Amino acid sequence: MAAPPALHGRSGTVRAMHQPSPSSQVASNPQNSDAEPRRTAPLVGSLVIGLLLGAAGVGTAWAVTQDDTVDTPATKPAADARGACVALANFDESKYTAKGDEGLVALNRWSGAVTLSAAAAAGDPAYKPLSEALNRAQQRQVRVFDFDAEVKKDLAEARRICADI
């Protein structure tokens, strides 16, 4: 005699009526509900500790290797003044009107020296004499379209100031 149709599975095999479904076994097993948090808690704890130690290591490496001469607000004007002086030292006013790259190099060094000296003076009044000397030279050069004796006098003063920086 065949089993009632309700007990036949899709494959035609008979299933026992008293077997619980697999989903009810998981929900009724108290060990399964506690097992997940017990396994993830050490994992999460280890991850947090690893992140903290990694951040501390990166922070320590950054602090040890940081170049304090450029990155602090108090030394940025000094860096600007040094940059202005380097640009001025490499500036050759005789090449200012040259054609091509030679003239562009001179123009950019001249402009850089004036701009960086202004930045230095804005950040620290101690650099104001350098900025004023270069600003006077620039204003005169713009008026006469030449590096005449007056402009060269202001350039010489700026170079003298740079020698003390």
Side-chain angles (χ1 to χ4, degrees), residues 23 26-27 29-165:
S23 62
V26 172
N29 188 347
Q31 291 176 345
N32 284 344
S33 63
D34 292 337
E36 284 302 316
R38 286 185 195 156
R39 282 188 277 175
T40 58
L43 179 64
V44 170
S46 297
L47 179 65
V48 169
I49 290 170
L51 287 172
L52 290 175
L53 289 174
V58 168
T60 301
W62 175 76
V64 169
T65 61
Q66 181 180 7
D67 183 6
D68 291 334
T69 61
V70 178
D71 292 339
T72 62
T75 59
K76 286 183 180 179
D80 289 338
R82 285 190 303 273
C85 290
V86 168
L88 184 60
N90 292 317
F91 171 64
D92 181 358
E93 55 269 18
S94 68
K95 297 186 178 173
Y96 184 78
T97 57
K99 301 287 184 200
D101 289 343
E102 194 174 50
L104 286 174
V105 168
L107 170 70
N108 287 313
R109 285 183 178 152
W110 171 239
S111 177
V114 173
T115 303
L116 285 169
S117 70
D124 185 345
Y127 300 111
K128 194 169 183 177
L130 173 63
S131 178
E132 288 174 343
L134 286 173
N135 191 39
R136 278 192 312 271
Q138 181 191 38
Q139 294 300 318
R140 172 78 181 167
Q141 189 270 330
V142 167
R143 278 195 313 272
V144 298
F145 298 106
D146 192 21
F147 287 88
D148 66 2
E150 190 71 25
V151 175
K152 288 182 181 181
K153 180 180 137 203
D154 288 327
L155 285 176
E157 181 183 348
R159 288 181 172 125
R160 182 189 54 74
I161 294 168
C162 282
D164 295 334
I165 291 179

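The figures that follow rest on heavy atoms only: side chains count, while hydrogens, waters and symmetry mates do not. A quick note: this is a predicted structure, and the numbers were derived from the prediction, not measured.
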Q) With sequence neighbours left out, what residues match Asp148 under side chain to side chain donor-acceptor pair (under 3.5 Å)? A)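 Side chain to side chain donor-acceptor pair (under 3.5 Å) check on Asp148 returns Arg140.
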
Say you draw a straight line from [atom1] of [X] to [atom2] of [Y]; how long is it, rounded to the nearest 0.5 Å?
X	Y	atom1	atom2	result
Lys128	Asn135	NZ	CG	10.5 Å
Leu107	Asp101	CG	CG	12.0 Å
Asp154	Glu150	CG	CD	6.0 Å

Residue pair [X] / [Y]: nearest heavy atoms and the distance that separates them:
X	Y	answer
Gly83	Leu116	C-CD1, 3.6 Å
Ala113	Ala84	O-CB, 3.4 Å
Asn90	Arg109	O-NH1, 3.0 Å
Lys152	Phe147	CE-O, 3.1 Å
Ala120	Pro77	CB-O, 3.3 Å
Arg159	Phe91	NH2-O, 3.1 Å

Q | Derivation of the side chain to side chain contact (heavy atoms under 4.5 Å, CB included) call for Gln138 and Trp110 | A | CA-CA 9 Å; Gln138 181 191 38; Trp110 171 239; 3.8 Å; yes

**Q.** Side-chain touch Tyr127/Ile165, heavy atoms, less than 4.5 angstrom
**A.**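 Yes, side chains in contact.
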
Q. Arg136 versus Gln139: any side-chain heavy-atom pair under 4.5 Å?
A. no

(Q) Tell me whether Ser117 contacts the main-chain N or O of Val114 through its side chain, where contact means a donor paired with an acceptor under 3.5 Å. (A) yes

**Q.** Candidate pair Leu88 and Leu155, rule side chain to side chain contact (heavy atoms under 4.5 Å, CB included), full reasoning
**A.** CA-CA 8 Å; Leu88 184 60; Leu155 285 176; 3.8 Å; yes

Q) What residue pairs, at least two apart or across chains, pass disulfide bond (SG atoms under 2.5 Å apart) with a residue in residues 120-165? A)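 Listed by first then second residue: Cys85-Cys162.
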
